[in-house]
There are 2 protein chains.
Amino acid sequence: MKACGLVVEYNPFHNGHVYHLQQAKKVTNADCIVAVMSGSFLQRGEPAISDKFHRAKAALQTGVDLVLELPFVCAVQHSDLFADGAVRILHECKISALCFGSESGELSSFVHGYHAWKENKTKFDIFLKEKLHLGYSFPQAAKYAYEKLGLTAGDFDLTQPNNILGFGYVRAIMENNFPMEPKTIRRIQSHYHDSHLHGNIASATSIRKELLGNSELTTKARNSLPDSTIVQLDAYRKKADLWHHWELYFPLLQYRINTMTPEELRQIFGVDEGMEYRIKKMASKAMNFADLVRLVKSKRYTWTRIQRMFVYILANIKDEEMNRLKQAEIPYLRILGFTERGKAFLNEKKKDIAVPLVTSYHRDQHPMLAIEEKASHAYYSVLKAENKQTLFQQEMQGPVQI
Amino acid sequence: MKACGLVVEYNPFHNGHVYHLQQAKKVTNADCIVAVMSGSFLQRGEPAISDKFHRAKAALQTGVDLVLELPFVCAVQHSDLFADGAVRILHECKISALCFGSESGELSSFVHGYHAWKENKTKFDIFLKEKLHLGYSFPQAAKYAYEKLGLTAGDFDLTQPNNILGFGYVRAIMENNFPMEPKTIRRIQSHYHDSHLHGNIASATSIRKELLGNSELTTKARNSLPDSTIVQLDAYRKKADLWHHWELYFPLLQYRINTMTPEELRQIFGVDEGMEYRIKKMASKAMNFADLVRLVKSKRYTWTRIQRMFVYILANIKDEEMNRLKQAEIPYLRILGFTERGKAFLNEKKKDIAVPLVTSYHRDQHPMLAIEEKASHAYYSVLKAENKQTLFQQEMQGPVQI
């Protein structure tokens with residue numbers, strides 16, 4: 001069987017994603033679709049609107065055959081590490097093609113970009129460091145470096161989030177010589193940051209806005225979602241009694257920061273030296289989460305980076321725990337769900353898969369999975385006691401089967 | 001000026017306390033009353049029903065002249081350490097008498113008890129250890145040891161909480177030869193654990209029950225409280241929108257335990273080796289705080305001891321922080337409030353007081369005060385963001401003045 005891999009967050013799984021997977025299947029001529037999906041927390045340092053299992057189920061009911069978890073330590077990272085982790089997971093799972101959405105739909109510009117970057121790596125790093133030293137944020141410094149290498153011309157604008165990720169996938173495949181064909185399809189939806197719903201395809205951002213503003217799924221939101229997502233979102237809402245978003249976590253985060261010493265705070269992954277005092281000072285002043293990010297923000301740190309830092313504080317993930325993980329190692333594949341076809345694919349490939357297939361948390365688990373467990377606990381912490389218990393149970397019960 | 005010291009929790013300050021301080025003034029012939037009071041958390045490992053400042057104010061308006069904070073590290077401790085810390089604070093503050101309530105009202109039995117304990121210290125310790133090794137709790141083992149020394153006969157029953165504390169005060173004074181006259185008066189109220197309100201004097205336990213069962217102060221509760229407490233409780237309730245009790249803290253505690261590694265949990269003060277696994281296991285099962293204590297409890301640990309352990313987990317106080325404190329050192333006196341008379345007393349004595357008088361938290365503060373600050377933050381963590389900020393401000397504004 002030939003599988004095409006997708007790197008996704010499905011927050012939530014919407015019509016644009018359905019289009020993407022249908023096109024992916026077409027252009028790669030794949031028998032099945034394997035999605036590697038962020039779990040409880042997302043690349044931009046936010047809690048997913050609903051849990052990983054209901055999100056996976058919605059996708060499995062509408063075309064995806066196998067959903068693997070992108071580990072927390074890869075998912076809640078800047079785009080380079082996010083892309084690298086996702087590609088490695090797909091490689092471990094023996095998929096033969098990877099298809100991503102881009103603004104242009106032209107793979108050649110990504111391949112050209114990779115070669116240009118590769119040939120000018122030393123220069124790129126010099127340009128990058130130059131701006132970082134001046135206090136620019138990483139994306140700003142990277143943009144400057146790409147511009148200097150002439151990599152932002154025309155269609156291939158590396159300041160567009162989807163192009164940045166696409167470049168990351170292509171680079172990870174080519175740098176590692178993975179036997180995986182990269183493909184890209186042109187995104188037909190509105191721009192990523194668009195926050196207006198229009199037509200049947202809308203951005204995830206605009207759909208979330210619609211969901212968070214209303215306790216029920218509005219017609220506007222429903223129009224942009226496949227039936228399976230509507231069913232799964234409704235089901236989750238019934239069990240959890242809420243949609244997850246940062247503001248709900250603010251009391252926990254504030255409590256946590258207020259009861260930590262600056263030294264303890266500095267031990268958290270992503271808290272740079274000196275930040276601990278600023279965070280502690282602002283945590284007792286802030287009235288809500290947005291307020292806290294605004295108070296802590298400076299030129300050097302993007303909003304997203306600060307959000308990721310707060311995810312690590314919330315889930316209590318330390319530098320020391322992250323350093324214990326071997327760079328670039330994928331120690332297991334965690335299966336969140338599969339269809340019959342996904343199961344057949346796994347059965348065919350399992351003799352070639354070098355790492356254990358994992359379905360739930362267990363004693364003496366890999367440190368990467370222990371981090372996942374803490375993050376999951378943090379994720380469900382905003383629920384009422386009874387809902388918390390029921391929903392955390394899913395994490396122990398293993399994959400969703402369709 | 002001659003001051004009489006009282007060791008109190010005032011949770012809340014009620015008619016029994018008014019009687020106690022009036023009698024104390026009479027029997028010691030004192031000009032003023034100095035109370036050393038537990039702050040945010042209490043000896044039995046519980047949050048105080050309202051904050052320290054409103055509790056102090058109620059007392060200052062009805063006869064107490066100066067309220068000092070019993071530091072968290074002394075207050076949330078078994079009775080021996082609680083009593084020892086309180087007596088040391090009063091000694092530092094140059095009071096000349098200490099008056100405590102007891103079942104018998106006979107000081108001689110406490111003095112006799114002290115001498116008997118002193119002469120038989122080695123035997124006492126052997127009896128104590130014998131039972132501790134068999135898995136008895138500390139209070140049970142101590143009861144056994146006192147019985148073997150014949151110290152539970154008649155009026156002097158050392159299994160009564162107030163007698164245990166009184167014995168602790170007398171022992172601390174006599175062991176250290178403090179120039180402080182111990183006095184005791186007979187308690188006229190119902191037994192400490194009584195949970196029925198009757199007449200104008202009722203136990204604090206029964207009053208709390210009445211408060212927690214109703215959002216307003218009931219007539220039943222009002223009958224047992226001086227006007228100043230009614231005013232201060234009402235004022236606090238208006239600002240905080242709640243009474244503090246353990247169940248409100250359960251989501252924070254559960255979140256905290258669920259996102260800690262067993263190794264981190266073992267570093268918390270009061271978490272004995274081996275307990276960390278039991279606590280982690282039970283924290284994800286428990287539906288509420290009472291449930292969690294019940295699940296963690298065993299013969300060796302009293303309910304109270306487990307509650308104290310959870311206070312230390314909640315406030316994130318580590319062994320290492322506690323070990324940094326010098327045994328028996330009182331590094332400062334924190335003034336929570338005073339009347340004109342209390343101020344005059346302080347002015348007269350301040351040249352003799354060897355430690356700094358502290359009123360709020362500050363940079364580079366003593367580690368004992370840093371612990372207090374964390375505990376205070378934990379205490380206010382259950383409030384809404386705006387209330388939390390307003391009420392924490394009190395901690396920075398310094399003492400209440402009447």
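Just so we're on the same page: letters track the sequence lines, and every chain starts at 1. All values below come from the heavy atoms of this structure, side chains included, with hydrogens, waters and symmetry mates left out.
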Legend entry - Residue selection (most heavy-atom pairs with chain A, distance under 4.5 Å) from B/Q254, B/E373, B/R256: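 Top count of heavy-atom pairs under 4.5 Å with chain A: B/R256.
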Legend entry - Which portion of A/K388 sits near chain B, non-hydrogen atoms under 4.5 angstrom: side chain
Inset, instruction - For the pair B/Q389 (side chain) and B/N387 (backbone), establish whether a donor and an acceptor sit closer than 3.5 Å, ignoring hydrogens and angles. - result: no
Legend entry - Residue list, side chain to side chain contact (heavy atoms under 4.5 Å, CB included) with A/R237, at least two apart or on another chain: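 A/R237 satisfies side chain to side chain contact (heavy atoms under 4.5 Å, CB included) with A/S215, A/W243 once adjacent residues are dropped.
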Inset, instruction - Please say whether the positively charged group of A/R308, taken as NZ for Lys or CZ for Arg, lies over the ring of A/Y301, i.e. under 6.0 angstrom from the six-membered ring centre and within 45 degrees of the axis. - result: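 Judged by the rule, A/R308 and A/Y301 form no cation-pi pair.
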Legend entry - Check: B/Y249 ring centre within less than 6.0 Å of A/Y255 ring centre: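 No, the ring centres sit 6.0 Å or more apart.
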Inset, instruction - Could you tell me which portion of B/A375 (side chain, backbone, both or neither) has an atom closer than 4.5 angstrom to a non-hydrogen atom of chain A? - result: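 For B/A375, there is no contact with chain A at all, as no heavy atom is under 4.5 Å.
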Legend entry - Proximal component of A/A315, with respect to chain B [non-hydrogen, under 4.5 Å]: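 For A/A315, backbone heavy atoms alone lie under 4.5 Å from chain B.
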Legend entry - Sub-6.0 Å ring centroid separation between A/Y236 and A/H244: yes
Inset, instruction - Please flag which part of B/L383 lies under 4.5 Å from any non-hydrogen atom of chain A: side chain, backbone, both or neither. - result: neither
Inset, instruction - Check whether A/T259 gets within reach of chain B through its side chain, its backbone, both or neither, counting any heavy atom under 4.5 Å. - result: both
Inset, instruction - Examine whether an atom of B/K318 lies under 4.5 Å from a heavy atom of chain A, and if so say whether it belongs to the side chain, the backbone or both; otherwise answer neither. - result: side chain
